[in-house]
**Q** 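Before anything else, here's the structure in question.
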Amino acid sequence: MLTVLEEIPDGLVTATTSDLARVLPGPTLIHLPGRRPEPLFVSVLQHGNEDTGLKAVQSVLARHAGQLPRALSVFVGNVSAAAAGVRRFDDQPDYNRVWPGSASSGLPEHSMMAEIVEDLRRRRVFASIDIHNNTGLNPNYSCVNVLDDAFLHLAALFSRTIVFFQRPLGVQSAALAKHCPAITVECGRPGNAANEARAAELVEAALALSHFPEHPLPKQDIDLYHTVAVVKVPREASFTFDGRAADIRFARALEQMNFRDLPPGTVLAKVSPSIARAVSVSGEDDSDLTDEFLERVDSTLRVKRTVTPSMLTLDERAVRQDCLCYFMERLD
């Protein structure tokens, strides 16, 4: 299902996501030469409604009509979902959960991602950047799967806010981390020109690197977090964010809690007595941490211990297809 190209296809640099299916036949890996042969790998549109990565790459390609400073490999992911303006179709896997190391196996998408990683390994990939948007109010931030100086230097090119995570499995950055410094960047909501420019600046900066500094980043230069748990809503439960009747009525200001230290007692939701468990909280080893982080007092769901959430969203489809949020703790 993968198309591999050695040149920029006609129309790609100016295509919108709705046009993309007319430019590319499906998931496409594009290898472009540069003065330094080891490629920078950039993946975009793993989720079809997250177009900042595509616009950033288009900006970089338009700026370098001649030779790139370093070879560039670009993976344009879920083209069909992008054309429809959705994260993914219900009958599709999440493209960022099927890379080598995934908890699942056996799908054509698993084979495709493994093929991409092997291709990049043979080309001695220099670094990897996976560009995403999210649906809630979040700052621009970088994510790493390895706490290594080169990874942190690459992450800091985008933001001083860096999140270390090991779950979910099967993500692009974890698969590429076995071969090069690899990061995921979260660029806020789609449609923000400043975030698109920031992502393009990151790609430009990484293309210009000849090597990564060997010294560690000063601690005061970054804010480092560790994702310790994922929060999900039961499939059978209805929920709202605006106070309308439902099994779970989340706080109206929910997404404004992202990247804020929530003290014990912070109210997250009002819960119907008919619901046995409003949400589940799972740790990095899939252990049940619900009672460690949350408590239910009568009909109120509250934070039990200080925690910092990320990716809280008011988008019901995103919650259903992925999760409500992640819980983080600060790292020295």
Side-chain angles (χ1 to χ4, degrees), residues 29 31-44 46 52-53 56-57 60 64 68-75 96 99-101 113-114 116-132 139-187 198-228 284 310 328-332:
L29 180 62
H31 296 298
L32 303 174
R35 288 192 295 274
R36 295 188 179 95
E38 296 83 6
L40 171 69
F41 176 50
V42 179
S43 52
V44 304
Q46 292 214 71
T52 288
V57 167
V60 171
H64 292 277
L68 290 158
R70 174 179 293 282
L72 176 65
S73 296
V74 178
F75 174 56
N96 203 31
W99 292 79
M113 303 315 184
I116 293 171
V117 172
E118 176 58 21
D119 190 349
L120 293 167
R121 185 196 65 78
R122 289 196 303 266
R123 294 171 186 264
R124 300 175 62 192
V125 58
F126 171 71
S128 172
I129 300 171
D130 185 22
I131 304 178
H132 286 265
N140 286 341
Y141 64 97
S142 305
C143 302
V144 297
N145 303 103
V146 178
L147 290 174
D148 175 86
D149 289 336
F151 287 67
L152 294 175
H153 276 287
L154 180 60
L157 290 176
F158 182 70
S159 173
R160 66 170 289 122
T161 303
I162 302 173
V163 176
F164 167 62
F165 75 98
Q166 295 181 306
R167 291 291 191 278
L169 299 174
V171 299
Q172 188 266 47
S173 57
L176 269 295
K178 299 181 184 302
H179 306 284
C180 66
I183 63 172
T184 302
V185 294
E186 295 287 349
C187 303
R198 187 77 187 110
E201 290 168 3
L202 168 65
V203 175
E204 289 277 8
L207 284 170
L209 284 176
S210 60
H211 64 281
F212 288 98
E214 296 181 359
H215 60 82
L217 279 168
K219 290 183 179 180
Q220 65 270 20
D221 286 0
I222 59 173
D223 296 318
L224 185 60
Y225 294 87
H226 177 203
T227 296
V228 294
E284 290 182 310
S310 66
M328 308 183 297
E329 294 177 348
R330 293 180 183 269
L331 282 179
D332 285 333

**Q** Say you draw a straight line from CG of Asp149 to CG of Leu152; how long is it, rounded to the nearest 0.5 Å?
**A** 6.5 Å
**Q** Could you walk me through whether Leu120 and Ser73 pass the side chain to side chain contact (heavy atoms under 4.5 Å, CB included) check?
**A** CA-CA 8 Å; Leu120 293 167; Ser73 296; 3.9 Å; yes
**Q** Could I get the full list of side chain to side chain contact (heavy atoms under 4.5 Å, CB included) partners for Ala177, not counting sequence neighbours?
**A** Val146, Phe151, Ala182
**Q** If you compare all heavy atoms of Ala200 against all heavy atoms of Ala56, which two are closest, and at what distance to 0.1 Å?
**A** N-CB, 3.5 Å
**Q** Which pairs count as side chain to side chain donor-acceptor pair (under 3.5 Å) when at least one residue sits in residues 207-216, sequence neighbours excluded?
**A** none
**Q** Quick one: does Val42's side chain get under 4.5 Å of Val60's, heavy atoms only?
**A** no
**Q** Any non-hydrogen side-chain atom of Leu176 less than 4.5 Å from a side-chain atom of Asp130?
**A** no
**Q** Rounded to the nearest 0.5 Å, what separation is found between the CZ atom of Arg121 and the CG atom of Asp119?
**A** 10.0 Å
**Q** Could you tell me whether a side-chain N or O of Arg160 sits under 3.5 Å from a main-chain N or O of Gln220, the two making a donor and an acceptor?
**A** yes
**Q** Is there a side-chain contact between Pro69 and His64, using heavy atoms and a 4.5 Å cut-off?
**A** yes
**Q** Give me the atom names and distance for the closest heavy-atom approach of Met328 to Thr227.
**A** CG-OG1, 3.8 Å
**Q** Has Arg124 got a side-chain atom pairing as donor or acceptor with Glu38's backbone, closer than 3.5 angstrom?
**A** no
**Q** Any heavy-atom pair between the side chains of Asp223 and Tyr141 that's under 4.5 Å?
**A** no
**Q** Starting at OG1 of Thr161, measure out to CD of Glu186 and round the result to the nearest 0.5 Å.
**A** 12.5 Å
**Q** Quick check: closest heavy atoms across Ile162 and Ala156, and the distance to 0.1 Å?
**A** CD1-N, 4.2 Å
**Q** For Phe126, is the NZ or CZ atom of Arg36 found under 6.0 angstrom from the centre of its six-membered ring and inside 45 degrees of the ring axis?
**A** no
**Q** Heavy atoms only: give me the nearest Ala205-Leu157 pair and the separation to one decimal.
**A** CB-CD1, 4.2 Å
**Q** I'd like to check the side chain to side chain donor-acceptor pair (under 3.5 Å) partners of Asn96; sequence neighbours left out, ordered by chain and number.
**A** Gln46
**Q** Tell me whether Arg70 contacts the main-chain N or O of Leu209 through its side chain, where contact means a donor paired with an acceptor under 3.5 Å.
**A** yes
**Q** Quick one: pull up CZ in Phe158 and CD1 in Ile131 and give me the separation to the nearest 0.5 Å.
**A** 8.0 Å
**Q** Can you name the closest pair of heavy atoms from Ser142 and Val185 and give their distance?
**A** OG-CG1, 3.9 Å
**Q** Do the side chain of Ser173 and the main chain of Thr184 share a donor and acceptor less than 3.5 angstrom apart?
**A** no
**Q** Supply the atom-to-atom distance Leu154 CG to Ile183 CD1, rounded to the nearest 0.5 angstrom.
**A** 4.0 Å
**Q** Can you check whether Gln172 reaches Phe41 side chain to side chain, under 4.5 Å on heavy atoms?
**A** yes
**Q** Measure the spacing between CD1 of Ile222 and CG of Leu217 and express it to the nearest 0.5 Å.
**A** 5.5 Å
**Q** Donor-acceptor check, side chain of Asn145 to backbone of Phe165, threshold 3.5 angstrom: yes or no?
**A** yes
**Q** Considering all heavy atoms of both residues, which atom of Val144 and which atom of Ala155 are nearest to each other, and what is their separation?
**A** CG1-CB, 4.0 Å
**Q** Side-chain contact test, heavy atoms from C-beta onward, threshold under 4.5 Å: evaluate it for Glu204 versus Glu201 and give yes or no.
**A** no
**Q** Flag the pair Arg123 / His179 as yes when at least one side-chain heavy-atom distance between them is below 4.5 Å, and no otherwise.
**A** no
